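This is a predicted model, so every value here is computed, not measured. Atoms within each ligand, like the ligands themselves, are counted from 1 in listed order.
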Amino acid sequence: MKLLEGKIALVTGATRGIGRAIAETFAKQGATVVFTYRSSVEKAQSLEESLKAEGAECLSFQADAADFEATQNVINGTLEKFGRIDVIVNNAGITKDNLLLRMSEEQWDQVINTNLNSVFYTTKAALRAMLKQRAGSIINISSVVGLQGNAGQANYAASKAGMVGFTKSMAREVGSRGIRANVVAPGFIATEMTAELPEKELATWLEGIPLKRAGEPQDVADLCVFLASDMSNYITGQVFNVDGGMVMA
Ligand code: NAP
């Protein structure tokens, strides 16, 4: 049985890493996959080929997640082509790390715009359609850093914590109309985002992970399938860590 048969799912920032694993796993589970990216045209083409090889219908948009108009075009294009939108995974995200004393306004704004404002943009643009459908699942990819903070990442932590408050408010606001919203908070996942960490820092992270390994993008994708599917129909407003036990409430 395919868990996402017949669902139209949008994944933002899907050309590599966690987003790519989510898009590919959704396709394997029978979803029609719409995805966005900012700059990686070749990787987007390779993802389209991989999704089609799974037998999935797909549609891609080169669209900056931090741009409201571009996001509206993504949602409108999806609705024009497929007539509905069942799942949104807000995955596009960046880091611009610096200690607070050295952090520029630009570093602050870029991270907040890309990681947090983008979530408002996709939700705002898709909400009317989801309300009419009386169904929808929104999955916001936050981070354990948004839950416990991290020195040198005040901008990133603020953006990821903001996603949690946004998601809980949304879950309360539109739950009665059949729309669910949840947060996935990955810990340390092996992707290009974490590839450049110095050995010493990597060892410190691993030390604090009970399962003693970095996570794989697939570990995050598998939870997203569950949250996108009807198997999680009674789950909303929750935060799920995928972190090998790094953070325990
Ligand atoms: P990644 O390897 O750096 O991939 C980021 C993806 O997002 C790329 O496909 C990139 O596409 C896209 N993207 C970046 N900025 C964008 C924008 N403005 N508009 C549209 N797409 C954009 O990152 P990742 O490690 O897979 O992380 C994915 C998400 O998980 C992020 O939200 C991140 O904060 C979160 N997360 C990651 C970890 C981890 O350990 N890796 C831990 C916790 C949370 P282009 O190259 O085309 O720009």
Side-chain angles (χ1 to χ4, degrees), residues 10-25 33-48 50 60-75 88-97 109-122 139-150 153 155-164 166-167 183-197 201-202 204-206 208-209 211 213-221 223-224 239-244 246-247:
L10 166 67
V11 184
T12 66
T15 48
R16 60 172 191 265
I18 293 171
R20 184 166 181 134
I22 295 170
E24 289 179 333
T25 311
V33 178
V34 182
F35 72 88
T36 68
Y37 59 101
R38 185 184 43 190
S39 52
S40 314
V41 178
E42 276 174 26
K43 284 185 182 162
Q45 281 163 355
S46 117
L47 176 57
E48 278 206 23
S50 145
S60 70
F61 293 89
Q62 184 166 14
D64 184 348
D67 179 333
F68 183 50
E69 234 174 79
T71 304
Q72 270 185 319
N73 289 338
V74 170
I75 301 291
I88 297 176
V89 184
N90 285 305
N91 167 77
I94 56 167
T95 53
K96 297 275 172 203
D97 299 350
D109 287 343
Q110 279 180 355
V111 169
I112 298 293
N113 289 341
T114 305
N115 298 5
L116 180 59
N117 290 357
S118 59
V119 177
F120 169 64
Y121 297 161
T122 51
I139 302 165
N140 293 324
I141 309 296
S142 173
S143 166
V144 293
V145 166
L147 308 179
Q148 60 171 16
N150 194 24
Q153 288 198 308
N155 50 358
Y156 184 74
S159 72
K160 295 300 186 181
M163 289 170 92
V164 175
F166 179 92
T167 308
V183 170
V184 170
F188 187 94
I189 310 294
T191 68
E192 278 181 40
M193 189 181 263
T194 47
E196 277 160 25
L197 272 189
E201 213 176 306
L202 180 61
T204 313
W205 276 101
L206 287 177
I209 300 174
L211 291 181
R213 66 167 176 90
E216 297 297 328
Q218 190 65 49
D219 295 319
V220 181
L223 174 60
C224 290
V239 180
F240 297 93
N241 294 8
V242 184
D243 65 357
M246 189 199 296
V247 174

Original post:
Would you call R20 and E192 a salt bridge, using N to O less than 4.0 angstrom?
Top reply: no
**OP:** Report, as yes or no, whether the 6.0 Å neighbourhood of atom CD on Q218 holds more than 12 heavy atoms from other residues, nucleotides or ligands.
**Re:** yes
Within reach of ligand 1, part of [X] (heavy-atom separation under 4.0 Å):
X   : answer
A44 : neither
R20 : neither
I94 : side chain

With a cutoff of 4.0 Å, is [X] in contact with ligand 1, counting heavy atoms of the residue only?
X    : answer
Q62  : no
A185 : no
G187 : yes

Pull out every atom of ligand 1 sitting under 4.0 Å from any heavy atom of [X], numbered as shown with elements.
X    : answer
F188 : 40 (O)
Y37  : 20 (C), 21 (N), 47 (O)
G17  : 26 (O)
A63  : 19 (N), 20 (C)
S39  : 45 (P), 46 (O), 47 (O), 48 (O)
D64  : 17 (C), 18 (N), 19 (N)
T194 : 39 (C), 40 (O), 41 (N)
I189 : 39 (C), 40 (O), 41 (N)

Tell me whether [X] contacts the main-chain N or O of [Y] through its side chain, where contact means a donor paired with an acceptor under 3.5 Å.
X    : Y    : answer
N115 : I94  : yes
T12  : N91  : yes
T191 : M193 : yes
T36  : G13  : yes

Among all protein heavy atoms, pick out the one at the shortest distance from [atom]; state its residue, atom name and that distance to 0.1 Å.
atom                    : result
atom 44 (C) of ligand 1 : S142 O, 3.1 Å
atom 6 (C) of ligand 1  : G13 O, 3.4 Å
atom 43 (C) of ligand 1 : P186 O, 3.4 Å
atom 45 (P) of ligand 1 : S40 OG, 3.3 Å
atom 9 (O) of ligand 1  : T15 OG1, 2.6 Å
atom 26 (O) of ligand 1 : I18 N, 2.8 Å
atom 2 (O) of ligand 1  : R16 NE, 3.2 Å

Options [options], ranked by nearest heavy atom to [atom], top entry:
atom                    : options         : result
atom 31 (C) of ligand 1 : V145, N91, I141 : N91
atom 25 (O) of ligand 1 : V242, L47, T191 : T191
atom 34 (O) of ligand 1 : F61, Y156, F35  : Y156

**OP:** For side-chain contact (heavy atoms from CB on, under 4.5 Å), just list the numbers for Y37 and K43, CA-CA rounded to whole Å, side-chain angles, deciding distance to a tenth of an Å, and then say yes or no.
**Re:** CA-CA 9 Å; Y37 59 101; K43 284 185 182 162; over 6 Å; no
Which distance, rounded to the nearest 0.5 Å, do you find between the [atom1] of [X] and the [atom2] of [Y]?
X    : Y    : atom1 : atom2 : value
S143 : F188 : OG    : CZ    : 11.5 Å
Q72  : Y121 : CD    : OH    : 10.5 Å
S159 : Q110 : OG    : CD    : 12.5 Å

Heteroatom distance test ([X], ligand 1): nitrogen or oxygen, under 3.5 angstrom:
X   : result
A65 : yes
G19 : no
R38 : yes

Subject >> Side chains of E24 and S50, donor plus acceptor under 3.5 Å >> reply: yes
Subject >> side-chain contact (heavy atoms from CB on, under 4.5 Å) between V119 and T167, worked out >> reply: CA-CA 9 Å; V119 177; T167 308; 5.6 Å; no
**OP:** Could you check K160 against V145 for side-chain contact (heavy atoms from CB on, under 4.5 Å), going step by step and ending with a plain yes or no?
**Re:** CA-CA 7 Å; K160 295 300 186 181; V145 166; 5.7 Å; no
Subject >> Step-by-step side chain to side chain donor-acceptor pair (under 3.5 Å) determination, N117 to N113 >> reply: CA-CA 5 Å; N117 290 357; N113 289 341; 2.7 Å; yes
**OP:** List the steps and the verdict of side-chain contact (heavy atoms from CB on, under 4.5 Å) for I189 and T194.
**Re:** CA-CA 7 Å; I189 310 294; T194 47; 5.7 Å; no
Original post:
Mind checking whether F120 and F166 have parallel, tilted or perpendicular rings, split at 30° and 60°?
Top reply: perpendicular
